[in-house]
Amino acid sequence: MQIILSPAKTLDFETKAAVNTATQPIYLKESEKLIKELKKKGKSDLKEMMDISDDLAELNLQRFREWGTPFTKANAKQAVFAFNGDVYEGLQAGSFTKKQLEYAQEHLFILSGLHGILRPLDLIRPYRLEMGSKFEYDGKKLHKFWGDKVTAAINETGDNYLINLASMEYFKAVQKKDLKPEVITPSFKELKGDKYRVVSFYAKKARGLMAQYIIRKKLSDPEKLKDFNEDGYRFHESLSDETSWVFTR
């Protein structure tokens, strides 16, 4: 099984990574093309394009200006340890053993507006560029720019199943009609009154928890995912269908 996750807006480049092993992003040359265009943008452009505050626009203006290759452990950090949002709180990559991290490197992809696809140990420099931003390269929105590359990388794994734990915004970059593996999309809902609802904060953390569950158990059979019971979640058969699996609590 291959797993896909979204990246996080929050970054941690202060804490030392849990391991020294590092790899280079697969599509770094394409990232350099995007950065070349982004460096032409002003603060007001970034604010409008990314729908962010003045302070965040200034921060990311500086990030784009400082961004450059080669990536080394002195100026970059492994993606799975650099991202620091709700999903990664659930993933808890810092607690993985060497073998579990090796499994994650082979079976986990992080989708990215700047890099297309990242493996956990791929080095990144600080950036913010969401897949759904208004930024275009050569007339293409980011999900179109990355679509064939992201899809090819997933197909090349040879896995029969893709566990989609990414957000809808990021999954748009996957050309589902061209995918070889079967896609299974878990979702996580809370009982509120008499209805089950998605609560964003909890759902994001649960995606990370499920990715952690797959990695720790080195699952290859998706049916085993129905045994997932972390943080009080249980598979809810009556709310699920063949490819959309609902977990509730």
Side-chain angles (χ1 to χ4, degrees), residues 2-11 25-27 30-31 33-35 37-38 41 45-53 56-57 59-60 63-64 79-80 82-91 108-120 122 124 126-155 162-179 181 183-190 197-211 243-247:
Q2 194 72 19
I3 313 157
I4 54 171
L5 287 176
S6 301
K9 297 174 186 177
T10 308
L11 304 174
I26 301 168
Y27 297 123
E30 284 75 13
S31 303
K33 292 178 183 177
L34 297 181
I35 286 289
E37 291 302 309
L38 287 162
K41 305 293 184 184
D45 297 322
L46 295 185
K47 182 179 178 180
E48 193 277 331
M49 182 182 77
M50 301 168 73
D51 192 23
I52 52 178
S53 67
L56 283 175
L59 172 63
N60 286 286
R63 285 172 170 174
F64 292 140
V80 79
F83 292 126
N84 195 34
D86 302 327
V87 171
Y88 296 86
E89 182 182 339
L91 184 64
L108 173 62
F109 281 145
I110 301 167
L111 302 182
S112 164
L114 181 59
H115 294 285
I117 264 186
L118 292 163
R119 295 163 298 182
D122 284 349
I124 61 170
Y127 80 95
R128 176 168 172 169
L129 186 64
E130 293 164 56
M131 194 69 79
S133 75
K134 297 174 185 176
F135 175 69
E136 294 185 4
Y137 181 86
D138 199 21
K140 293 181 180 179
K141 292 287 183 67
L142 288 171
H143 68 276
K144 292 290 187 183
F145 176 83
W146 287 118
D148 58 341
K149 299 173 185 66
V150 165
T151 306
I154 293 169
N155 286 340
L162 177 67
I163 308 303
N164 172 28
L165 293 169
S167 66
M168 291 179 63
E169 173 189 345
Y170 279 87
F171 189 66
K172 280 180 66 177
V174 179
Q175 297 174 335
K176 193 173 178 181
K177 64 181 177 59
D178 296 322
L179 272 182
V183 179
I184 295 170
T185 302
S187 62
F188 304 89
K189 297 185 177 183
E190 317 293 317
R197 305 177 190 275
V198 174
V199 178
S200 180
F201 167 76
Y202 296 124
K204 288 178 181 178
K205 185 177 179 182
R207 290 174 194 155
L209 282 169
M210 180 167 278
T243 59
S244 296
W245 292 3
V246 179
F247 294 80

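Side-chain atoms are counted along with the backbone in the values below, which use heavy atoms only and exclude waters and symmetry mates.
Using a distance-only test at 3.5 Å, with no hydrogens or angles considered, no donor-acceptor pair links the side chain of Ser133 to the main chain of Leu129. At distances below 3.5 Å, not a single donor-acceptor pair connects side-chain atoms of Asp178 with backbone N or O atoms of Asn155. In this structure a side-chain-to-backbone donor-acceptor pair under 3.5 Å is missing from Ser6 to Tyr170.
Using a 4.5 Å heavy-atom threshold, the side chains of Ile35 and Leu114 count as touching. Side chains of Asp122 and His115 form no contact here, defined as non-hydrogen atoms less than 4.5 Å apart. Tyr88 places none of its side-chain heavy atoms less than 4.5 Å from the side chain of Thr10.
Shown here for Val183 and Thr243, the closest heavy-atom pair between the two residues is O-CB, 3.4 Å. Residues Val198 and Ala203 approach most closely at CG1-CB, 3.9 Å, considering heavy atoms. Pairing each heavy atom of Leu142 with each of Gly113, the nearest pair is CD2-O, 3.6 Å. Between Phe64 and Arg128 the shortest heavy-atom distance is CZ-O, 3.4 Å. The two atoms that bring Gly132 and Glu169 nearest to each other are N-OE2, 2.8 Å, heavy atoms only. When all heavy atoms are compared, the tightest approach of Ile154 to Pro181 is CG2-CG, 3.9 Å.
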Worked check of side chain to side chain contact (heavy atoms under 4.5 Å, CB included) between Glu136 and Lys141: CA-CA 5 Å; Glu136 294 185 4; Lys141 292 287 183 67; 3.2 Å; yes
Check against side chain to side chain contact (heavy atoms under 4.5 Å, CB included), Met131 and Lys172: CA-CA 9 Å; Met131 194 69 79; Lys172 280 180 66 177; 6.0 Å; no
Check against side chain to side chain contact (heavy atoms under 4.5 Å, CB included), Phe135 and Leu34: CA-CA 9 Å; Phe135 175 69; Leu34 297 181; 3.8 Å; yes
Evaluation steps, side chain to side chain contact (heavy atoms under 4.5 Å, CB included), between Lys149 and Ile117: CA-CA 8 Å; Lys149 299 173 185 66; Ile117 264 186; over 6 Å; no
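Atoms NZ and CG, from Lys204 and Leu5 in turn, are 12.5 Å apart once rounded to the nearest 0.5 Å. A distance of 10.5 Å separates CG in Leu46 from CG in Leu56, rounded to the nearest 0.5 Å. To the nearest 0.5 Å, atom OH of residue Tyr137 and atom CD of residue Glu30 are 9.5 Å apart. In this structure, OG on Ser187 lies 8.5 Å from CZ on Phe247, to the nearest 0.5 angstrom. Rounding to the nearest 0.5 angstrom, the gap separating the CG atom in Asn84 from the CG atom in Leu11 is 8.0 Å. From Leu38, atom CG reaches atom CE of Met49 across 5.5 Å, with rounding to the nearest 0.5 Å.
Crowding of Asp51 atom CG: a count of heavy atoms from other residues, nucleotides or ligands under 6.0 Å not exceeding 12.
Checked by atom type, the side-chain pair Ser112/Tyr127 shows a donor-acceptor distance below 3.5 Å.
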